[in-house]
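Have a look at the structure below, then the notes.
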Amino acid sequence: MSETVRALQLSAEERAMLIGEAGPGVAKAMEIVVALGRIYGAATLTPVASVQVSGVSYKNLGDAGLDFLEMWAAQGARVCVPATLNPAGMDLASWRDLGFPEVFAQRQQAVIAAYAALGIAPTCTCTPYLVGHVPLFGQHIAWAESSAVSYANSVLGARTNREGGPSALAAAISGRTACYGLHLDGNRQATVVIDVRCPIRSEADLGALGYLVGRQVENGVPYLRFRNGEPEHWALKTLGAAMAASGAVALYHIESVTPEARAGNVVRPDAGAMVIDNLSPGFEALDGACEEIDLVSLGCPHASLTELRTVAECLDGRRLRAALWITTARSTREAAEREGLVARIEAIGGRVVADTCMVVAPVAELGFRSMATNSAKMAFYAPSHSSLQVRFGPMEQCLEAAITGTWSPRRIL
Ligand code: F3S
């Protein structure tokens, strides 16, 4: 037995759970949490206030993943803290209308049923913090989706490592996670200070910046100083998503903006320094070369009501040549429906698509070959995960592509 194995202390209740006194499902969850604690040298476990579970799309899970979930549910496992799901592989209500294959839909519904048996409702969003699941400052949580992890740690000041699908589910069932990494004060200090000297004019600029920072910093903690005006708050989800995609950044600080930066003393004395004064390398890496656009994808991370309002306003009275899918949480879609936004967007041919996203959906089977997006994360993953040619630019440029069916360097909206 190594030193780190001996270091993990369990309470009497946790030891009882581990040896099966709360049933085999809980014992399996504790085995996973304890194993991770030992691997990462945690001294204790910590209770979690909420969990966000990834591994929901059947495209990624496959039958082996579905069997694993069903077996765990059959062992009597149930979540014991508020838990939400990451996007599924399709819109759970409108999949047929949107063209998703029947066979895929049946398997996806089985995955959702397995999660329901474990006690998790099909929230299916990567922005749970936009739909009422908002962790408090300093709260320990166990979230899995990388962009949500980044937002929760950085913008909200909650504490989570980037969990995997099984480890997040184990935390939801046991109510605990191993206390290491970003749960600890010392690991939340910035490892590199980044002076951003170029202006940030759009969410795409912020995404390109996030891409460049993630590529440089990898799994470090950047502290960003914006010399030409701070980014708009609504777009911070885009920044974090990009950093987590090109690197493995799970926490960042922004001077005078994010809560731990405002509190001060958040930069390590030996932190490195970096200057970013040009976003072109980010755009060059993310933007492809295709001219014809089949699909315009907005809502990565999932769109807020404000973003849906912007789209509806920009497109009023226009006709679309390309498909336009705006992905969002179901409850956001319902709120947009009540405001008449869904009707306005869908009257001109756009779709407000709930529960899924274009990385975890079987996009190739839907017949799309090229995509325009305003999300650096989507532009980063879509070529490899969904075999799409991608153009990357601000929302206005993407909406213009939806109107014309082609990518234009000129913004006309
Ligand atoms: Fe969310 Fe999918 Fe983007 S999970 S962050 S919409 S790649």
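Both backbone and side-chain heavy atoms feed into the values below; hydrogens, waters and symmetry mates do not. Whatever order the structure lists them in is the order used to number ligands and atoms, beginning at 1.
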Polar contact flag, side-chain donor to acceptor under 3.5 angstrom, E163-T177: yes
Does Q106 reach the main-chain N or O of P101 with its side chain, forming a donor-acceptor pair under 3.5 Å? no
A quick test of your reading: do over 12 heavy atoms of other residues, nucleotides or ligands sit less than 6.0 Å from CZ of R262? yes
Sorted by chain and number, protein N/O/S atoms nearer to atom 1 (Fe) of ligand 1 than 2.8 Å are C126 SG
E260, R188, H253 screened by side-chain hydrogen bond (donor to acceptor under 3.5 Å, both in side chains) with N153, the one that passes: R188
Under the side-chain hydrogen bond (donor to acceptor under 3.5 Å, both in side chains) definition, can you give me all pairs with a residue in residues 306-317, not counting sequence neighbours? K237-E307, S304-E307, R309-E339, D316-R344
Sort out for me which residue in V296, L298, V352 forms a side-chain contact (heavy atoms from CB on, under 4.5 Å) with V311. L298
